There are 2 protein chains.
Amino acid sequence: MIISEMAQLTKISEYTLRYYEKKELIIVSRDARGRRNYDENDIEWIRFIQRLKETGMPLREIKKYSDLRAEGDQTIPERRVMLETHRLFVVAEQQKWTQNLCNLDAKIEYYATIPLTTDQTKF
Amino acid sequence: MIISEMAQLTKISEYTLRYYEKKELIIVSRDARGRRNYDENDIEWIRFIQRLKETGMPLREIKKYSDLRAEGDQTIPERRVMLETHRLFVVAEQQKWTQNLCNLDAKIEYYATIPLTTDQTKF
DNA sequence: ATAGTGCTTAGACTATGGTCTAAGTCAACC
DNA sequence: GGTTGACTTAGACCATAGTCTAAGCACTAT
């Protein structure tokens, strides 16, 4: 699979796919003409990167994970620890957004109840 | 209130407070010596900016809100619409994080159940 | 009066995560 | 054999959100 197909499939631009490779998040083999040749495994991996990114993992962390992955099976426990640690971050984020929603709702509620004649410069 | 006190109070660095002013998010009066002189109203406003930022509102949006606020009471309905619109964003974010957590948990669960002898390069 | 502190400004620099350009290669089609 | 199209590379450029530096002024304490 060529980069343009990969870009279409994953909705990640060719630019970004090359960028990820430059940043050593992805390692892709080349064909006889020197072009990137993505296989099934690469697709899986890129989809996983996508999910990690969606959960707010910075690229340098994803790179760490990628490096461990490249080292082989003996790094599985380490990788799992990374995911468990990241999980705590995601839980915290989720709770933060819930709290933020409460705050915002309170604000909007306040906005709705105060008479329009009072001074509104505070908001 | 002087900038250093404000920085301490809000945990926003002096650099950032000046930056916000340069970006026209905040308008602060000066004392006889030309130094920023924050009052109660400014504190409230900066705390509100903080909350908007926490809920992922970009600075340019906050500036828009700030501009409306500066225009006076007649912009209240517009400001309220902004908050309501932003609320939808926050709700979506909250749901996204909940979904992300599910995905990650499924991943970790999978990690936990597969025998350690299989090929792990997929993760 | 001179050093020190705390502010002022403009503008340079940083990090993150892309996004794009320029120049070049290679295979295929006409 | 020339053009087209899809790729290659290095490196420039962009937006966001700061973060810091340099040079300078005003007041205070010694």
Side-chain angles (χ1 to χ4, degrees), chain A residues 1-39 42-43 45-67 86 89-90 93 96 100, chain B residues 1-39 42-43 45-67 86 89-90 93 96 100:
Chain A
M1 176 173 278
I2 225 162
I3 194 167
S4 51
E5 295 168 314
M6 196 59 169
Q8 265 210 312
L9 187 73
T10 58
K11 315 281 182 205
I12 297 175
S13 76
E14 301 186 17
Y15 297 138
T16 305
L17 286 172
R18 292 194 198 97
Y19 171 73
Y20 284 175
E21 208 179 327
K22 191 149 58 178
K23 287 269 166 173
E24 295 183 272
L25 268 67
I26 305 169
I27 297 144
V28 196
S29 59
R30 306 299 156 112
D31 66 11
R33 285 172 60 181
R35 295 182 309 183
R36 286 166 183 82
N37 190 9
Y38 298 92
D39 65 15
D42 296 325
I43 298 172
W45 174 235
I46 287 165
R47 288 215 186 285
F48 188 59
I49 288 175
Q50 254 175 331
R51 281 191 293 271
L52 289 178
K53 262 185 53 58
E54 271 159 31
T55 56
M57 190 185 276
L59 296 190
R60 64 175 174 285
E61 275 295 294
I62 298 176
K63 187 197 170 338
K64 253 188 233 172
Y65 193 98
S66 171
D67 288 348
H86 188 55
F89 167 78
V90 174
E93 277 303 299
K96 217 168 73 184
N100 284 338
Chain B
M1 179 175 276
I2 225 162
I3 195 167
S4 52
E5 294 168 315
M6 197 59 169
Q8 264 209 314
L9 187 72
T10 58
K11 314 281 180 203
I12 297 175
S13 77
E14 300 185 18
Y15 296 139
T16 304
L17 286 171
R18 292 192 198 98
Y19 172 72
Y20 285 174
E21 209 179 326
K22 192 151 54 178
K23 289 269 164 175
E24 296 180 272
L25 268 68
I26 305 169
I27 297 144
V28 195
S29 59
R30 306 300 155 113
D31 66 12
R33 285 172 58 181
R35 296 182 308 182
R36 287 166 183 82
N37 191 8
Y38 299 91
D39 65 14
D42 296 324
I43 297 172
W45 175 234
I46 287 165
R47 288 214 187 285
F48 189 59
I49 288 176
Q50 254 175 333
R51 280 190 294 272
L52 290 178
K53 264 185 51 61
E54 271 160 32
T55 57
M57 190 184 277
L59 295 190
R60 64 175 175 285
E61 274 297 293
I62 298 176
K63 187 196 169 339
K64 252 187 234 171
Y65 193 98
S66 172
D67 288 348
H86 188 55
F89 167 78
V90 174
E93 278 300 300
K96 218 169 72 185
N100 284 337

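It should be emphasised that the depicted structure is a prediction, and the values quoted were computed from it without experimental measurement. In what follows, every heavy atom counts, from backbone to side chain, and hydrogens, waters and symmetry copies are set aside. Chain letters run A, B, ... following the sequence lines, proteins first, then strands; residues in each count from 1.
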Asker: Kindly indicate, with the supporting measurements, whether the criterion salt bridge (charged side-chain N to carboxylate O under 4.0 Å, His left out) is fulfilled by A:E54 and A:R51.
Answerer: CA-CA 5 Å; A:E54 271 159 31; A:R51 281 191 293 271; over 6 Å; no

Asker: Could I get the full list of side-chain hydrogen bond (donor to acceptor under 3.5 Å, both in side chains) partners for A:T10, not counting sequence neighbours?
Answerer: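 Testing A:T10 for side-chain hydrogen bond (donor to acceptor under 3.5 Å, both in side chains), a comparison that skips the adjacent residues, returns none.
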
Asker: Could you list, one pair per line, each protein nitrogen or oxygen that sits under 3.5 Å from a nitrogen or oxygen of nucleotides 17-19 of chain D, together with the distance?
Answerer:
residue: D:dA17; atom: OP2; partner: B:L59; partner atom: N; Å: 3.3
residue: D:dG18; atom: OP2; partner: B:Y20; partner atom: OH; Å: 2.8
residue: D:dG18; atom: OP2; partner: B:K53; partner atom: NZ; Å: 3.2

Asker: With heavy atoms of chain A within less than 4.0 Å as the criterion, where does contact along DNA chain C begin and end?
Answerer: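 Nucleotide range with atoms under 4.0 Å of chain A: C:dT16 to C:dA27.
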
Asker: Please find the pair of heavy atoms, one from B:T55 and one from B:F89, that lie closest to each other, and give the distance.
Answerer: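 Minimum heavy-atom separation between B:T55 and B:F89: O-CE2, 3.4 Å.
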
Asker: For B:K53, check salt bridge (charged side-chain N to carboxylate O under 4.0 Å, His left out) against everything at least two apart and list the hits.
Answerer: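 Salt bridge (charged side-chain N to carboxylate O under 4.0 Å, His left out) list for B:K53, sorted by chain: empty.
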
Asker: Whether the side chain of A:N37 engages the backbone of A:M1 through a donor-acceptor N/O pair (distance < 3.5 Å, no angle test) should be reported.
Answerer: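 Yes; judged by distance alone, with no hydrogens or angles, the pair exists.
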
Asker: Partners of A:R33 by salt bridge (charged side-chain N to carboxylate O under 4.0 Å, His left out), sequence neighbours excluded?
Answerer: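 A:R33 satisfies salt bridge (charged side-chain N to carboxylate O under 4.0 Å, His left out) with no residue once adjacent residues are dropped.
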
Asker: Only counting residues at least two apart or in another chain, list the ones meeting side-chain hydrogen bond (donor to acceptor under 3.5 Å, both in side chains) with B:T16.
Answerer: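 Applying side-chain hydrogen bond (donor to acceptor under 3.5 Å, both in side chains) to B:T16 gives B:S13.
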
Asker: With sequence neighbours excluded, what pairs up with A:R35 under the salt bridge (charged side-chain N to carboxylate O under 4.0 Å, His left out) test?
Answerer: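 If we apply the salt bridge (charged side-chain N to carboxylate O under 4.0 Å, His left out) test to A:R35, skipping adjacent residues, the hits are A:D31.
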
Asker: So if I take residues 28-38 of chain B and measure heavy-atom distances to DNA chain C, which residues fall below 4.0 Å?
Answerer: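 The stretch gives B:R30, B:G34, B:R35, B:R36 as the residues lying under 4.0 Å from the strand, ordered by number.
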
Asker: Got a sec, which pairs hit salt bridge (charged side-chain N to carboxylate O under 4.0 Å, His left out) with one end in residues 5-16 of chain B, sequence neighbours left out?
Answerer: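 Listed once each, the pairs are B:E14-B:R18.
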
Asker: Report the distance from atom CD1 of A:I49 to atom OH of A:Y65, rounding to the nearest 0.5 Å.
Answerer: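 Spacing of CD1 (A:I49) from OH (A:Y65) equals 10.5 Å.
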
Asker: Under the side-chain hydrogen bond (donor to acceptor under 3.5 Å, both in side chains) test, which residues partner A:D67, sequence neighbours left out?
Answerer: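 If we apply the side-chain hydrogen bond (donor to acceptor under 3.5 Å, both in side chains) test to A:D67, skipping adjacent residues, the hits are A:K63.
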
Asker: How bent is the helix from C:dA1-D:dT30 to C:dC30-D:dG1, comparing axes over its five end pairs at each side, to the nearest 10°?
Answerer: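 That helix gives 30° between its end axes.
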
Asker: Please state how far atom CD in A:Q8 lies from atom C1' in D:dA6, giving the value in whole angstrom units.
Answerer: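 So the two atoms are 14 Å apart, to the nearest Å.
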
Asker: Among all residues two or more places apart in sequence or in another chain, which pass the salt bridge (charged side-chain N to carboxylate O under 4.0 Å, His left out) test with A:E61?
Answerer: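 Scan of A:E61 (salt bridge (charged side-chain N to carboxylate O under 4.0 Å, His left out), adjacent residues dropped) gives A:K64.
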
Asker: Measure from NZ on B:K63 to P on D:dA15 and round the result to the nearest Å.
Answerer: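 Value for this atom pair: 17 Å.
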
